[in-house]
Amino acid sequence: MRSRAGTLLWRALLAALLVCGIGLLPWLTRTDPAFTVLRARSAEREATPAVLADIRNRLGLDAGPLRLLGDWLGGLPRGDAGRSWISGSEVMPDVLQALGASLLLMAVALAIALLVAALVCARTLRGGGRRRGGGSGSAMVAALPEFLTASVLATVVGVQLGWLPALGWYGLQWTVLPGLALGLPAGALLGRLLDDLLPGAFAEPWALAAAARGIPARRIASQAVRRCLPALLPNAGLFVVGLTGGSVAVEQIFDIPGLGRTALQAAIAQDLPVLQASTLALVLLAALAAGATRIAARLLIGPALRDGGLSSLHRPAPPARRTPPLLYAGVLLGVVALGLPRDPLALDTRARLRPPSWAHPFGTDALGRDVLARVGHGALDTLLLASAISAAALLTGLVLGLVPRLSGPLVDTVNAIPPVLAALLVTAVVGSGGATPALAVTVVAWAPLAAHTAALLRQERATLHVTATRGLGAGRWYVLRHELLPAALPPVTRHALLRLPSVALALAALGFLGLGAQPPSPEWGLLLAENQPYAERAPWAVLAPAAVLALLGALAVTAAGLAVRPLRKVVRVPGPRPEARELAFQ
């Protein structure tokens, strides 16, 4: 009971720090808030001292940030989140309306993601836990940029074919295309994580006994999925919040008045009451999602978690094929090698938007620059930066996952911050620059890995072999080093590799929204942003960077299959009798 109270207090403190930090945003940027508000209200009006003084007087800016924050917090118990500094309207109705739109979009995207995840795992489920194929297709789907998928769906399905509406927000029909753009990559990633655990579930004694008794394979498969779900539910909860507040680019493309877009617009205009209310709504949603996933996990596992009666899901796997990752790596390195000798900044306005040819194998962009050259040179920045961020996220996630009472509320709070908003906050603190997008993505990239680590360790501590090891006299550090970490490290490492394209996509999304790399940089996200308006006339200019991102996803998932996996071993543990000091297990 005391630990729960401490966790709730820690969660409330983190939420308060986040809201207070956002309340200081205009002052952290070292700019005059009155000037920013004036530019958002009327860009043509001259910023005279009298005009700025009038804005400060109306908004109470002279009282300072602490007084403004106190007044805002004081109105929350009455349901009053203040008035917008830009429009003057009440904040709460607008934020609740945006939250409703985001929740509806999230529900549709989550339904699509679950369907995609089921398709990804279908072959493993039909094969009774035997994997078939390396999952390259799902990896490519997971690596597709959401904003690019949204643009293609809006252009082809919505405009050219006219099958579904592509702009606006007037009913369920308008949720299908943005739901697909969000749900396809999320479902592919969830499916890969589930597919990673299924072989271990099918190899447990209950599954083998059920098959021997002639229980239908479909029923065994459903129970295997249920057995794996508790380890995935924390990440599913993170997806719920991410699909609600992190779909800024998709909301921009489809003109959806969602919460992520509302928070972004408020952050850019420094409309503090709207930004604070939007962030608080995301934090509360993250807390509710985390609580719901924990309750669901306990209901699924039952008393086995308490009594230490689980079996380990992490068992020896057959050697993965080395040919696919070598093939994908060879193609990717070949593209980079062909592009590096070319000049990525050379302009030729007479060769604008040229199709692929011998002179320009990937065609040219709107300024006549060689797309292959820009893809090759951009690979160095994108791949190296994404790899460094992924390594830092893996290390941070593993360390914090060891202390779930500390990291659980921190994960929920960090996940409530969309990467775009994180980029704006980082820019406010450290200023704009080339390192700003990397810092912003690093701030949020570790959270899914920490949640995954904590969930795996929670189940691994309740396994029979760990209980037996402790019973033979092993200490806490021995169990952690020889039992828990060897079981959690391989799947979390594979998870980090699977998220490598997602990190590159997060950097690309910031570039697409103008918060990342700036022209004339050949960074892949900026390439997509620059060429997206010409997707109909010159699709090769968009497909080339999208294809290398998909290739990176295929390389990541096939390389993840070669990651270190738990092996059968004999562990010596200290015990009172020499004959009772060996345990053999998988």
Any I256 side-chain heavy atom under 4.5 Å of P178 side chain: yes
I220 vs F202, side-chain contact (heavy atoms from CB on, under 4.5 Å): CA-CA, chis, key distance, verdict: CA-CA 8 Å; I220 299 175; F202 276 102; 4.0 Å; yes
Selection residues 443-452 - residue pairs positive for side chain to side chain donor-acceptor pair (under 3.5 Å), sequence neighbours left out: H452-H495
Closest non-hydrogen atom pair, D255 against L167: CB-CD1, 3.5 Å
Approximate separation, where rounding is to 0.5 Å, of L194 CG and C228 SG: 5.5 Å
Test side-chain contact (heavy atoms from CB on, under 4.5 Å) applied to Q265 and Q252, step by step: CA-CA 10 Å; Q265 293 175 345; Q252 289 275 69; 4.2 Å; yes
Worked verdict on V375 versus V336 for side-chain contact (heavy atoms from CB on, under 4.5 Å): CA-CA 7 Å; V375 168; V336 174; over 6 Å; no
Minimum heavy-atom distance between T453 and G397, given as atom pair plus value: OG1-O, 3.8 Å
Distance, nearest 0.5 Å, that separates CG of L555 from CG of L326: 9.5 Å
Main-chain N/O of R219 paired with S222 side-chain donor or acceptor, under 3.5 Å: yes
Contact check, side chains of L449 and L400, non-hydrogen atoms, under 4.5 Å: no
Qualifying ring-ring contact (aromatic ring centres under 6.0 Å, His included) pairs with a residue from residues 157-196, counting only residues at least two apart or across chains: Y170-W174
Close side-chain approach of F362 to R374, heavy-atom, < 4.5 Å: no
Min side-chain heavy-atom separation I112-V176 under 4.5 Å: no
Which residues share a side chain to side chain contact (heavy atoms under 4.5 Å, CB included) with V240, sequence neighbours left out: M106, L110
Nearest-0.5 Å distance that lies between atom CG in L402 and atom CG in L485: 6.0 Å
Residue list, side chain to side chain donor-acceptor pair (under 3.5 Å) with N531, at least two apart or on another chain: none
Closest contact, heavy atoms only, L457 versus A488: CD2-CB, 3.7 Å
Inter-residue atom distance L383.CG - L333.CG, 0.5 Å rounding: 9.0 Å
Heavy-atom side-chain contact between L193 and L197 under 4.5 Å: no
Non-neighbouring partners of V466 that pass side chain to side chain contact (heavy atoms under 4.5 Å, CB included), sequence neighbours left out: T463, R470, V479, E483, L484
Heavy-atom pair with the smallest gap, counting every atom of A447 and V414: CB-CG1, 4.4 Å
Closest approach of P230 to A455 (non-hydrogen atoms, all atoms of both residues): O-CB, 4.2 Å
Test log, rule side-chain contact (heavy atoms from CB on, under 4.5 Å), inputs V492 and L456: CA-CA 9 Å; V492 177; L456 291 175; 3.8 Å; yes
L105 to G179 - nearest heavy-atom pair and separation: CD1-N, 3.7 Å
Y328 side chain reached by L332 side chain, heavy atoms, under 4.5 Å: no
Gap between atom CG of L489 and atom CG of L398 - 0.5 Å precision: 6.0 Å
Separation of T293 OG1 from L288 CG (nearest 0.5 Å): 10.5 Å
Close side-chain approach of L99 and L103, heavy atoms under 4.5 Å: yes
Under 3.5 Å donor-acceptor, T396 side chain and A393 backbone: no
Student check: side-chain heavy atoms of L338 and P361 closer than 4.5 Å: no
Residues in side chain to side chain donor-acceptor pair (under 3.5 Å) contact with S102, at least two apart in sequence or another chain: E251
